[in-house]
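Heavy-atom basis, side chains included; hydrogens, waters and symmetry copies ignored.
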Amino acid sequence: MALTLRSSTSFMTNPIDPSKSHKASDESPSLLPLSPRKPACRLRAAKASNHGMIERAPAVHGGWKAEQLHGLSGVHRVPGGTARVPVYVMLPLDTVSPEGRLQRARALNASLMALRSAGVEGVMVDVWWGLVEKDGPLRYNWEPYLELAQMVERNGLKLQMVMSFHQCGGNVGDSCSVPLPPWVLEETRRDPDIVYTDRSGRRNPEYISLGCDTLPVLMGRTPIQVYSDYMRSFKDRFNCYLGHVIVEIQVGMGPCGELRYPSYPESNGTWRFPGIGEFQCYDKYMKASLQAAAVAAGHEEWGKDGPHDAGHYNQFPEDTGFFRREGTWNTHYGKFFLEWYSGTLLEHGDRVLAAAEAIFRGTGAKLSGKVAGIHWHYRTRSHAAELTAGYYNTRFHDGYLPVAKLMATRGVVLNFTCMEMRDEQQPGHANCSPELIVRQVKQAAKAAGAELAGENALERYDEKAYSQVLATSRADDSIDLSAFTYLRMNKRLFEGENWRHFVSFVKSMSEGGRKVVPHKSDCSHSDLYVGHITGCKNSKMAEASAA
C-alpha cells in the first residue's frame, strides 16, 4: 500500500432496502422496492478437503513470455479513439463483521443502488482470511460474502474480490482490526520466525514470512498450500458467480495485500512518513536463504547478516551509510543484497500467482496483483523507501520492469496506487514524485505487455485529484488503464459536493477522460445525490524520476 489512507467505514445515514431479505432491526424501513430476481444458480455447500502440496513455481528470471489468461479483455474505446475506464469502488474494510455477518445490509444496498445510478461498474471487497478460516484449518465460512455477491448482482454491479491473506490493522488508516486466523497466530507463538522480522528482532504479524513459503509450518501445511486450499474452496463456493458477477480476483501477496515487505508499519508508532523503513529479512528462514545465496555467489561472509548501515525506520537516506548518495547500495555487496532481497519477493509472488492461475483458469475471472506506490524519496539516487519494501529501483536499476514481467507472464493485471497524487502537493523534504513513479510503472507495464489498473492512495474528493486520475488513465506515450478502483465508499462520499464531483469523475472516465460537469440539481440523470433518493423515485437510480 502506498501510504494508503483507509477511510471511515460508516455508510450513509438514511438507508433504503429494496429487498425484504434483512431483519427490520438492521436499518430503517425500505422505501424503494426492487423486482425480485432469482439467483443465477443454486449454491452448493462448500466441502473442505486437504489438498496436496503444489509444485513450487520456478524462480523469476529472464526469458519472459507474456501471456493473456482468463480472457483478459482489451481496453474499451469510445468514439474518437479515447479509452473508457470502468470505475469500481472499495467497500469498507469492515463490510463483514468479526462475527462473520454482513454489516449494515440495508444501508449497503442503498449505497450500491446509488453507485449503480452514477455509472459505477462495480465494487471491491476484502475477503479476509482471518474471518473466513477463523474457526480452524480448512473450516471456511463464505456465507456473508455470498450474501454480498447476491446483493451486488441484484443491483446490476460487478465484484472485485480480494484474497486478503494479511492482517487488517496497524497500517495507514486501517479503521478496524482483523488479525490472521487464531490457529495461525497460535503457530506464530510456537515459532515466531514464521513472520517477518526486522534487524532489532521486532516481529510483524501482518503476513507470513515468504522465507517459509514451502515449509509445513502451518499445522502441517505450507503457506502456499494454505493459500491454495483457501482459493480452491472460494472457487467451489462462488463458481456460479465467477466471470459474470465476480469479474476479478485480486490475489494478496503481502501486507495490505501488496507484493512487498512490511517495511513501513505504523503500529505503535514504529514508522511515520516519510521514513525510509527497514529491511525485513531477519527471521531464521530469510537468514538461511540469504546465507545460501551468499555461498552461491562465492562470498559466504555476505550471508551472515543484513546490511549493518541501513539505518532505522524514520531516518532519511543521507543519515545512513547504506542509502546515502554514494552509499553501500551501489557497491558489489549492496547490489548482491538488493538482488537477493527483491528476487525472493518476486519468487514469492510467482508462487502465489502460479497457484491462483491454476485454480481460477477457465472461470472467466481476471486475476490481479497489487503493487505499492512508494513515492517518497523517489527523487534520491538510492530510492531508499522502495528498496526496503523490496522494489530494487534506483537511479541505475529499474525495479518495476521485473514486477510487470511477472504479472504479464502469469496473465495478471498489475494494480498500482497513488494515481491521484501530484508532485506539487507533496512536502519538499520527502523528495517525493508520485507522478514519475506512475509514469515509470506505466512504461514498465507497456514494455512487459502487462495490463495495468489503478487506485488512489488517499481519500480524496476534490477536482484536482480526479483530474490527475483522468490524466494518468489516458493513453499517452505508454499505456491505458484498464480499470480504476476508488478508495473508498463511506458517508463522506455521498455528501453533496463530494458526490457531485464523484459522479462527474465516473462519467468522465466512461467518456475516455473528457471532463463532464453535471448540473447541480439534476436528480433524474447522472447527478444523483443519495439524500435525494426518496424524491427521485423515477430516476435511473437508481514529482521527478530517479534523480
Side-chain angles (χ1 to χ4, degrees), residues 50-61 129-130 133 137-138 163-167 180-181 183-188 190-198 203-233 249-263 279-293 296 303 306 339-360 367 369-371 389-392 402-403 406-407 409-410 412:
N50 201 349
H51 299 280
M53 180 177 179
I54 69 164
E55 183 179 352
R56 174 169 174 162
V60 181
H61 296 296
W129 181 27
E133 203 174 353
L138 298 167
M163 302 291 99
S164 297
F165 298 119
H166 61 285
Q167 166 189 286
L180 301 185
W183 61 272
V184 174
L185 294 179
E186 181 60 32
E187 293 296 280
T188 68
R190 291 196 186 100
D191 182 3
D193 283 287
I194 70 174
V195 297
Y196 287 117
T197 306
D198 65 18
R203 310 287 186 179
N204 189 313
E206 291 183 62
Y207 189 80
I208 300 298
S209 169
L210 64 81
C212 54
D213 268 356
T214 59
L215 300 174
V217 297
L218 298 179
M219 297 186 70
R221 289 186 295 163
T222 71
I224 298 299
Q225 283 180 305
V226 170
Y227 304 150
S228 299
D229 289 337
Y230 184 93
M231 291 188 286
R232 192 175 293 109
S233 176
I249 307 296
Q250 187 170 109
V251 185
M253 293 177 281
C256 299
E258 297 165 336
L259 180 63
R260 66 171 177 86
Y261 295 98
S263 58
F279 293 116
Q280 305 291 310
C281 58
Y282 294 93
D283 64 79
K284 66 183 181 183
Y285 302 107
M286 291 291 288
K287 289 173 74 172
S289 172
L290 176 59
Q291 289 166 2
E339 287 172 358
W340 167 80
Y341 190 68
S342 63
T344 55
L345 181 67
L346 288 170
E347 290 177 5
H348 168 70
D350 194 49
R351 283 191 287 267
V352 178
L353 292 177
E357 193 279 324
I359 291 164
F360 292 107
L367 294 181
K370 191 173 177 182
V371 176
Y391 306 133
Y392 185 6
V403 176
L406 165 63
M407 301 294 184
T409 297
R410 293 294 177 192
V412 173

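- Below 30°, between 30° and 60°, or above 60°: for Tyr196 and Tyr207 the angle between ring planes is below 30°, a parallel geometry.
- Listed here is the closest heavy atom pair of Asp213 and His348: OD2-ND1, 2.6 Å.
- Between Ser228 atom OG and Arg351 atom CZ the span is 11.5 Å, to the nearest 0.5 Å.
- A side-chain hydrogen bond (donor to acceptor under 3.5 Å, both in side chains) with Asp193 holds for exactly one of Lys287, Arg203, Lys284; it is Arg203.
- In terms of heavy-atom proximity, Met407 sits nearest to Met253 at CE-CE, 4.0 Å.
- Closest approach of Trp183 to Glu133, counting heavy atoms only: NE1-O, 2.9 Å.
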For side-chain contact (heavy atoms from CB on, under 4.5 Å), just list the numbers for Gln280 and Tyr341, CA-CA rounded to whole Å, side-chain angles, deciding distance to a tenth of an Å, and then say yes or no. CA-CA 9 Å; Gln280 305 291 310; Tyr341 190 68; 4.0 Å; yes

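- Leu353 places a side-chain heavy atom less than 4.5 Å from the side chain of Leu406.
- Closest heavy-atom contact between Leu345 and Leu259: O-CD1, 3.6 Å.
- Listed here is the closest heavy atom pair of Leu346 and Pro402: CD1-CB, 3.8 Å.
- Atom CG of Leu215 and atom CD1 of Ile194 lie 10.5 Å apart (nearest 0.5 Å).
- At least one side-chain heavy atom of Met231 sits under 4.5 Å from a side-chain heavy atom of Val251.
- The closest side-chain heavy-atom distance from Val371 to Arg260 is not below 4.5 Å.
- Between Val184 and Ile208 there is a side-chain heavy-atom pair separated by less than 4.5 Å.
- Under the 3.5 Å distance criterion, the side-chain polar atoms of His166 are left unmatched by any main-chain donor or acceptor of Glu206.
- Between Cys212 atom SG and Ile224 atom CD1 the span is 9.5 Å, to the nearest 0.5 Å.
- Applying the side-chain contact (heavy atoms from CB on, under 4.5 Å) rule to Thr344 yields the partners Leu210, Tyr261, Met286, Ser289, Trp340; only residues at least two apart in sequence or on another chain are considered.
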Check step by step if side-chain contact (heavy atoms from CB on, under 4.5 Å) holds for Val217 and Glu187. CA-CA 8 Å; Val217 297; Glu187 293 296 280; 5.9 Å; no

Just do the side-chain contact (heavy atoms from CB on, under 4.5 Å) check on Arg221 and Leu138 with the steps written out, would you? CA-CA 11 Å; Arg221 289 186 295 163; Leu138 298 167; 3.3 Å; yes

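- Distance check: Leu367 CG to Met163 CE gives 10.0 Å after rounding to the nearest 0.5 Å.
- Of the inter-residue distances, the one linking Ser209 atom OG with Tyr282 atom OH reads 13.5 Å to the nearest 0.5 angstrom.
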Hey, mind stepping through Asp198 and Asn204 against side-chain contact (heavy atoms from CB on, under 4.5 Å) and telling me if it holds? CA-CA 8 Å; Asp198 65 18; Asn204 189 313; over 6 Å; no

